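Only this structure's heavy atoms are used, side chains among them; waters, hydrogens and symmetry mates stay out. Letters A, B, ... mirror the listed sequences (proteins, then strands); counts begin at 1. Since we're looking at a predicted model, the values are computed, not measured.
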Protein chains: 2
Amino acid sequence: MPTPHHDTCRAPARIEGRATWQVGRAQARAAGLLSSGFEAHGDGLRGYHYRLLAALEEWGPASQADLGRRTGIDRSDVTAALNELESRDLVARSVDPAHRRRNIVTITPAGIERLLALDEVVDGVQEAFLAPLTAAQRRQFLALLSRINDAQAPRINDAQC
Amino acid sequence: MPTPHHDTCRAPARIEGRATWQVGRAQARAAGLLSSGFEAHGDGLRGYHYRLLAALEEWGPASQADLGRRTGIDRSDVTAALNELESRDLVARSVDPAHRRRNIVTITPAGIERLLALDEVVDGVQEAFLAPLTAAQRRQFLALLSRINDAQAPRINDAQC
DNA sequence: TGCTTATGTTGGCCGTACCAACATCGACAG
DNA sequence: CTGTCGATGTTGGTACGGCCAACATAAGCA
């Protein structure tokens, strides 16, 4: 992604003061940092792939549909992302012997290795993103964000959680 | 926009704790609320149009290129959005007598009226978005966001500010 | 005068998120 | 056992925001 600037000369006052606008700017900044990081050290992988690798490493092998439900990624997008991961030998698909229609996706040792490398990239991005805040402010910021996100979130797929 | 859920069952822990992830979730929520609001009371208008109307009302008539620079919207997108605003008689284009290549865009009384109506929609969204926070927490949240956004922001177009 | 810059416009690209349709397989009711 | 229903993986398409390239034209300046 080519670094969204999103801001130029300061938005109109009625917009600049809005929380939704500020959140949008912050997210644009975060997305820019992330995609720069992935572009530099990610071998063409992006957020989708990182989320899927992380889910596989933390929760173990799963079917594609389960992966989609757990990560909030659409089934069709899971398929596409897994194709790219599989072509790099970072995950392996195998047919479930019980349900022959289902694929069991497993993360490979190379996948874990790449995941750990991406972890460091993402950690570096966090540091850059939160740089203007002190440690106490970062805790506050995360706490407020969590409060907003937890209290809300329409939560559509609440199956098997 | 059909209400992004983005979250399903809690992301992997290594992602859930990241500030960039939380900001993304918050922004997804904000965008969903905004597009719901615009969809319900906006007569087909969206963020682009609101930003342009606000810029015109606050800074007065301007050329399309200036509008683009001030709002951070690309020239080509400004053209498209202005076409829709003009077709609703919310703005008027007139050729600058000095620079015959330039259009002077003016907000019409109907445009101001619509802008005020959209202001209320957007205000309602802010309220919904910040609902889980107390007044003091909202101030903190905005202050932290401003600190992050102001300290950073690569600022590419810094001309005439 | 000619060269360069700025403007508005058209058309296109990319990434994220969705949705619809399809063939296939399992499970379960009758 | 059969038929129906649901779930799965896949393909293909949509929408939207953001961005870029190219173009014709007008202004400004050398």
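Side-chain atoms of B/Ser35 and base atoms of D/dC16 include no donor and acceptor less than 3.5 Å apart.
Going from atom CG of A/Leu67 over to atom P of D/dT10 covers 12 Å, rounded to whole Å. In this structure, the CZ atom of A/Arg100 is 16 Å from the C1' atom of D/dA7, given to the nearest Å. D/dG18 atom P lies 8 Å from atom CD1 of B/Ile73, rounded to whole Å.
Within 4.0 Å (heavy atoms only), B/Asp74 reaches at least one base atom of the nucleic acid. Looking at heavy-atom distances under 4.0 Å, B/Arg75 makes contact with a base.
For C/dT7, one of the phosphate oxygens OP1 or OP2 lies less than 4.0 angstrom from a side-chain nitrogen or oxygen of B/Arg102. Side-chain nitrogen and oxygen atoms of B/Tyr48 include none within less than 4.0 Å of the OP1 or OP2 phosphate oxygen of D/dC16. An OP1 or OP2 oxygen of D/dG28 is reached within less than 4.0 angstrom by a side-chain nitrogen or oxygen of B/His99.
Taking each heavy atom of A/Ala62 and A/Leu56 in turn, the nearest pair found is N-CD2, 4.2 Å.
Classification of the B/Phe141-A/Phe141 ring pair by plane angle, with boundaries at 30° and 60°, yields parallel.
Both A/Asp77 and A/Arg93 lie near DNA chain D, and the one whose nearest nucleotide falls closer to the 5' end is A/Arg93.
By the side chain to side chain donor-acceptor pair (under 3.5 Å) test, A/Glu86 is found to be paired with A/Arg93, residues two or more places apart in sequence or in another chain being considered. B/Glu57 meets the side chain to side chain donor-acceptor pair (under 3.5 Å) test with A/Arg14; sequence neighbours excluded.
Here B/Arg101 does not pair with B/Asp96 in a salt bridge; the nearest charged N to carboxylate O distance is not below 4.0 Å.
Taking every heavy atom of residues 79-90 of chain B and every atom of DNA chain D, no pair lies under 4.0 Å.
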